[in-house]
Number of protein chains: 2
Amino acid sequence: MTGPRELRVFEDFVHARGLRMTAERRAICEEIFEQHSHLDAGALLGALRRRRVPVSRATVYRNLDLLVECGLVRRQRLGSGRTLYEHVHAGQEHDHLVCESCGRVVEFVSPGIVALRAEICRAHGFEPQPHGLQILGLCRACAAATKESAHA
Amino acid sequence: MTGPRELRVFEDFVHARGLRMTAERRAICEEIFEQHSHLDAGALLGALRRRRVPVSRATVYRNLDLLVECGLVRRQRLGSGRTLYEHVHAGQEHDHLVCESCGRVVEFVSPGIVALRAEICRAHGFEPQPHGLQILGLCRACAAATKESAHA
DNA sequence: GTGTCTGCAAAGACTTTGCAGTTCC
DNA sequence: GGAACTGCAAAGTCTTTGCAGACAC
């Protein structure tokens, strides 16, 4: 865990933009960096409420946008149309494996796939987006559950 | 173009289920097989209306579900949360390259990436979903537009 | 003090669902 | 003739937006 460093970055960004720091901004920023990587706006709101931080849904959305703009957070559309946010952490370029059934997200690193993606993008005149490759599938538990219900 | 073969498949499926064939079902099935691969429910509705086929939005959704169940159509969640439908055509297993900006979808075939996906899925206990790999990026036009506006 | 923020509630996009009347078989 | 189908309208989900009051600076 990295502590309040990100909060400082966020504060600097906010001030540099001529915006203001508020208790809500602070709470949202802290919360997203204390959570595991991937969560959606609703989950973030729930986590804040559980901590008795009274913040409205609209404020969560507005400030997630701000965190994305300042580069601390990444917005990902993963799997079945879910919009997830993950805090950016220094580390290897990773991509995502997503369970279509339960939504579980696993990060993976594969230099081989990065190289092939570059080749495919070049061939079609695309510019690859970082972290923009995703593999959909079924996790072990959901695959088992699917087979079971097929037998029934 | 394959002609009305799919329509026959759909009719058989509908009857095998104890359901009934209707003018709306016929029109929806025909339309989706005459369109290029990827379109969403709204676009399909628009295409039908342009042909003066009076059909309601709800019916389009209900019958897309049915076409997916019968295996003639695949539902894909591509890119920025869009739900697209593509008619299934015999051919190579392909995956999708999606422009994050304009939504353009390009199909590509890459045995190398299929092999790597299998390996990654095995490593994490996942079962890969066919056509379930997508690469997000920017197409040439959108990449150029982005750079231009950055200069401005 | 002033301009930015927040909460609320409404609006918007997309999809699903309940109901009453229509149609296929 | 009866079950399944359609259209309509309402509801549901997720996200955005307009406005009035509150707050940072």
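Convention: sequence-line order gives letters A, B, ...; per-chain numbering from 1.
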Between [X] (side chain only) and [Y] (backbone N and O only), is there a donor and an acceptor less than 3.5 Å apart?
X	Y	value
R57(A)	G42(A)	no
H87(A)	I32(A)	yes
R25(A)	E11(A)	no
N63(A)	L66(A)	no
R82(B)	G103(B)	yes

Check DNA chain C against residues 50-63 of chain B and give the residues with a non-hydrogen atom under 4.0 Å, in numerical order.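 Of all residues in residues 50-63 of chain B, the ones placing a heavy atom under 4.0 Å from DNA chain C are R57(B), A58(B), Y61(B), R62(B).
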Provide, to the nearest angstrom, the distance between the [atom1] atom belonging to [X] and the [atom2] atom belonging to [N].
X	N	atom1	atom2	value
D65(A)	dC14(D)	CG	P	17 Å
R26(B)	dC24(C)	CZ	C1'	10 Å
L19(B)	dA4(D)	CG	C1'	8 Å
R82(B)	dT15(D)	CZ	C1'	18 Å
R75(B)	dC14(C)	CZ	P	16 Å
I28(B)	dG7(D)	CD1	P	8 Å
L48(A)	dG7(C)	CG	C1'	15 Å
L64(A)	dT16(D)	CG	C1'	13 Å

Using heavy atoms to find the nearest nucleotide of DNA chain D for T22(A) and R77(A) separately, return the residue whose nucleotide is more 5′.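 The answer here is R77(A).
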D40(B) or A23(B), whichever maps to the more 5' nucleotide of DNA chain C: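 It is D40(B), whose closest nucleotide lies nearer the 5' terminus.
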Criterion side-chain hydrogen bond (donor to acceptor under 3.5 Å, both in side chains) against D95(B), the qualifying member of Q134(B), H131(B), R117(B):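 Result: among Q134(B), H131(B), R117(B), R117(B) is the only option passing the side-chain hydrogen bond (donor to acceptor under 3.5 Å, both in side chains) with D95(B).
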Among the candidates [options], find the nucleotide nearest to the side-chain atoms of [X].
X	options	result
R20(B)	dT4(C), dC25(C), dG7(C)	dC25(C)
H15(B)	dT15(D), dT6(C), dC25(C)	dC25(C)
R25(A)	dT6(C), dA3(D), dT6(D)	dT6(C)

Work out which heavy atom in I135(B) is nearest to a heavy atom in F108(B); give both atom names and the distance.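 In this case the closest contact between I135(B) and F108(B) is CD1-CZ, 3.8 Å.
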Is T83(B) near enough to dT15(C) that one of its side-chain N or O atoms lies under 4.0 angstrom from OP1 or OP2?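 Answer yes for this pair, as a side-chain N or O of T83(B) is under 4.0 Å from OP1 or OP2.
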